[in-house]
Every structure is written in C-alpha cells, then in structure tokens.
Amino acid sequence: MRKLESLRGVRALVTGASSGIGRVLARRLADGGARVALVARRESPLREVAAEIEAAGGQALVLPCDVAERESVDASARRACDEFGGIDLLVNNAGYGHHRRFLDWDVADMERMMRVNYFGALYFTKALLPQMVERGSGWIVFVSSVAGRIASPEESAYAASKFAMAGLAAALSIEVEDDGVHVLTVNPGVIRTPFFDEEALARMPPVAKRQFVSPERLVDAIVAALAAGKREITFPRWIASGFLVQALAPAFMRRQVRRATLDALAGDSGHRPK
C-alpha cells in the first residue's frame with residue numbers, strides 16, 4: 001500500500017480533464033503542487049483549464065486526444081513523459097453515458113461507449129504503467145461508477161463499460177502492488193456535472209435527483225483516499241451498503257433497484273417509460 005501524502009512535484013495525467021470531475025480534479029492536483037497533463041478531445045476547453053492552472057501559479061500541459069484511439073493515446077502518453085520526465089499519477093476519468101432502453105440504443109454508440117469508458121482507460125494504463133513499474137512507484141486511479149457495481153435499467157451499455165473497468169482495476173491492483181504501483185477505484189454516485197444532460201434528467205427518478213452532490217466533494221474524497229492508501233472508495237459512502245445487500249440478498253436488491261427506477265418513473269408519469 002502506497003500513500004500519496006503530498007502532491008508537491010507529482011507528475012499527473014488526467015483524462016476527461018475538460019469538464020466535470022476531471023476539470024475539478026486537475027485544478028485540485030495543480031493547487032497541491034502537481035504538474036498536470038490535461039487530456040480530452042476538445043482543445044479549447046483544455047486550454048481554459050490550463051490557463052486557470054497557470055494563473056494560479058501551476059504548470060499544465062494540454063494534450064488533445066481521443067482516448068478511444070490507441071494511436072492517439074500512445075502519442076499523448078509519450079509526449080507527457082517527454083515533457084515531464086515520466087508520469088507518477090494516472091487518473092482514468094474520461095467517459096460518457098446515456099440513459100435509454102437497450103432496444104432503442106444504437107449499437108454504434110454502445111461500441112463507442114465501451115471504447116471511451118473502458119478501452120480508453122486500458123490504453124492509457126498500458127502506455128504508462130511500464131515506466132511506473134520500472135521506477136518502482138506510481139498511482140493509477142480508475143473513476144468507475146456505482147453503475148459498475150449495481151446495474152440499473154436504461155444504463156446497460158454504460159454499466160457494462162464500468163463493470164469492465166472495475167474488473168480491470170481490481171485485478172491490476174493485485175498484480176502491481178508488489179511493483180510499487182497503487183491502484184484506486186472510485187465509484188461515484190450522482191455527481192452534479194454535465195454528464196447528466198437533459199435526456200438523463202428527464203428519465204431520472206425523483207429520488208435520484210435529490211442525491212446530487214458536487215464534484216468538489218468527490219475530488220476531496222479522491223485526494224484523501226490517495227493520501228490514506230485506500231484501494232476503493234464509493235462516494236457518497238452510504239451507497240456502498242448497497243453492495244453488501246446485493247451480495248447477500250440479490251433478489252431483494254433487484255426489487256429495490258426496479259422500485260427506485262422503472263416503477264418510480266412509471267408512477268411519476270402514469271405509465272412505464274418507453
């Protein structure tokens with residue numbers, strides 16, 4: 001177990017850094033003294049984040065990159081290592097989701113979601129892990145989701161990508177701990193970010209809308225977990241009790257998930273959502 005107790009001098013790379021959790025986390029790392037490589041598809045928002053970091057006295061590197069394309073990932077990883085002399089902390093945060101029935105979901109988008117959410121993390125980890133192992137030190141954060149532990153209806157493709165990420169992170173954590181590399185899996189609940197667009201909000205049960213928390217609070221929890229050497233966190237913490245319920249009473253948990261999603265929406269609208 002390796003603890004990241006100080007961010008001073010840490011060389012970090014954050015994917016999905018143009019908005020939401022990634023943007024807040026990149027700023028927080030830089031505020032703590034880390035040099036941060038910013039990765040996302042859109043260059044303009046990345047430059048905005050970099051300008052904010054530099055205005056506060058930090059150092060940022062802008063790396064426009066489609067994480068779904070391995071060649072683009074490899075090129076970005078090489079440039080980050082060339083500029084910083086290596087990467088100590090990799091945060092696999094890039095991802096997106098939709099809320100729609102499987103029958104209505106376009107297969108091309110489902111494939112794209114798996115490439116971005118899962119393979120993007122796999123590509124960056126494959127590109128940067130060897131230099132961490134060679135150095136005998138490093139940290140990798142996988143920003144998964146509660147949906148990667150408890151599947152919900154109308155999130156089939158998203159849940160599949162996050163289940164895959166959680167499995168990768170759990171296996172990798174055991175494999176590389178003796179090499180000095182620490183893996184942290186993060187399971188966020190409902191975080192108030194652009195991830196939840198109008199489509200998602202329209203199909204979200206009322207109970208879920210009352211559970212929104214700020215990305216700043218999640219980032220505080222991630223930084224604290226790294227400092228404490230934790231291997232997995234769920235935020236808010238109370239949601240983790242559902243994992244135990246699912247393990248011990250899966251049929252009961254299934255009924256609860258249905259009641260909180262499909263049945264709640266049907267009751268709110270007078271009919272089952274289509």
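Starting from 1, each residue takes its place in the sequence as its number.
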Donor-acceptor contact below 3.5 Å, side chain R23 vs main chain S18: yes
E134 atom CD: more than 12 heavy-atom contacts under 6.0 Å: no
Indicate the atoms forming the closest heavy-atom contact of S144 with P188, along with that distance. O-CD, 3.3 Å
How far apart are the C-alpha atoms of T125 and L90, what are their side-chain angles, what is the distance that settles it, and do they pass the side-chain contact (heavy atoms from CB on, under 4.5 Å) test? CA-CA 8 Å; T125 301; L90 166 63; 3.8 Å; yes
Check: N93 main-chain N/O paired with T15 side-chain donor or acceptor under 3.5 Å: yes
Kindly give the heavy-atom pair with the smallest separation between G9 and D88, and that separation in Å. O-OD2, 4.2 Å
CD on Q246 to CE on M253, rounded to 0.5 Å: 6.0 Å
A80 and L61: which non-hydrogen atoms are nearest, and at how many Å? CA-CD2, 3.9 Å
Measure the spacing between CZ of R2 and CG of D179 and express it to the nearest 0.5 Å. 11.0 Å
Considering only heavy atoms from C-beta outward, does the side chain of C65 approach that of F124 to under 4.5 Å? yes
To the nearest 0.5 Å, atom CE of M110 lies from atom OG of S156 at 4.0 Å
Within the side chain of D106, is there an N or O that forms a donor-acceptor pair under 3.5 Å with the backbone of A108? yes
side-chain contact (heavy atoms from CB on, under 4.5 Å) between L46 and R42, intermediate numbers included: CA-CA 7 Å; L46 285 182; R42 299 174 297 158; over 6 Å; no
Could you tell me whether a side-chain N or O of S173 sits under 3.5 Å from a main-chain N or O of A169, the two making a donor and an acceptor? no
Give me the one residue out of L89, V24, V10, I53 that meets side-chain contact (heavy atoms from CB on, under 4.5 Å) with L29. L89
Please indicate whether R41 has more than 12 foreign heavy atoms, meaning atoms of other residues, nucleotides or ligands, lying under 6.0 Å from its CZ. no
With a sphere of 6.0 Å drawn around CZ of R115, does it hold more than 12 non-hydrogen atoms of other residues, nucleotides or ligands? yes
Quick one: do V257 and W238 end up in the same hydrophobic cluster if we chain Ile, Leu, Val, Met, Phe, Trp and Tyr together by side-chain heavy atoms under 4.5 Å apart? yes
Exam field: side chain S161 to backbone Y158, donor-acceptor pair closer than 3.5 Å: yes
How many angstroms lie between CG in L122 and CE in M114, if you round to the nearest 0.5 Å? 11.5 Å
Axial cation check for F84 ring with R11, 6.0 Å and 45° limits: no
Would you say Y96 and D109 make side-chain contact, with heavy atoms under 4.5 Å? yes
Just by distance, do the side chain of R100 and the backbone of W105 share a donor-acceptor pair under 3.5 Å? no
Can a donor-acceptor pair be found, under 3.5 Å and without considering hydrogens, that links the side chain of H98 to the backbone of E154? no
Test log, rule side-chain contact (heavy atoms from CB on, under 4.5 Å), inputs N117 and M165: CA-CA 8 Å; N117 296 4; M165 174 188 271; 5.7 Å; no
Within the supplied structure, the quantity of interest is the number of heavy atoms (other residues, nucleotides, ligands) at a distance under 6.0 Å from R254 CZ; does it exceed 12? no
What's the shortest heavy-atom distance between A56 and D31, and which atoms? CB-OD1, 4.4 Å
Which is it for L63 and L13 under the side-chain contact (heavy atoms from CB on, under 4.5 Å) test, yes or no, and what are the steps along the way? CA-CA 10 Å; L63 295 174; L13 185 148; 4.3 Å; yes
Got a donor-acceptor contact below 3.5 angstrom from the Q131 side chain to the L128 backbone? yes
If we ignore hydrogens and angles and just use 3.5 Å, is the side chain of K162 paired with the main-chain N or O of V143 as donor and acceptor? yes
Can you measure from CH2 (W139) to CG (L184) and round to the nearest 0.5 angstrom? 12.5 Å
For I87, is there any backbone N or O sitting under 3.5 Å from a side-chain donor or acceptor partner on R135? yes
What heavy-atom pair brings G148 and A166 nearest, and what distance separates the two atoms? O-CB, 4.2 Å
Verify the cluster assignment for L172 and F119: are they in a single hydrophobic cluster under the rule of side-chain heavy atoms below 4.5 Å apart? yes
CZ of R78 to CG of D74: how many Å apart, nearest 0.5 Å? 6.0 Å
Are any of the side-chain heavy atoms of R28 and D220 separated by less than 4.5 Å? yes
What's the shortest heavy-atom distance between S145 and N187, and which atoms? O-OD1, 3.6 Å
Indicate yes or no: at least one non-hydrogen side-chain atom of M132 is less than 4.5 angstrom from one of I140. yes
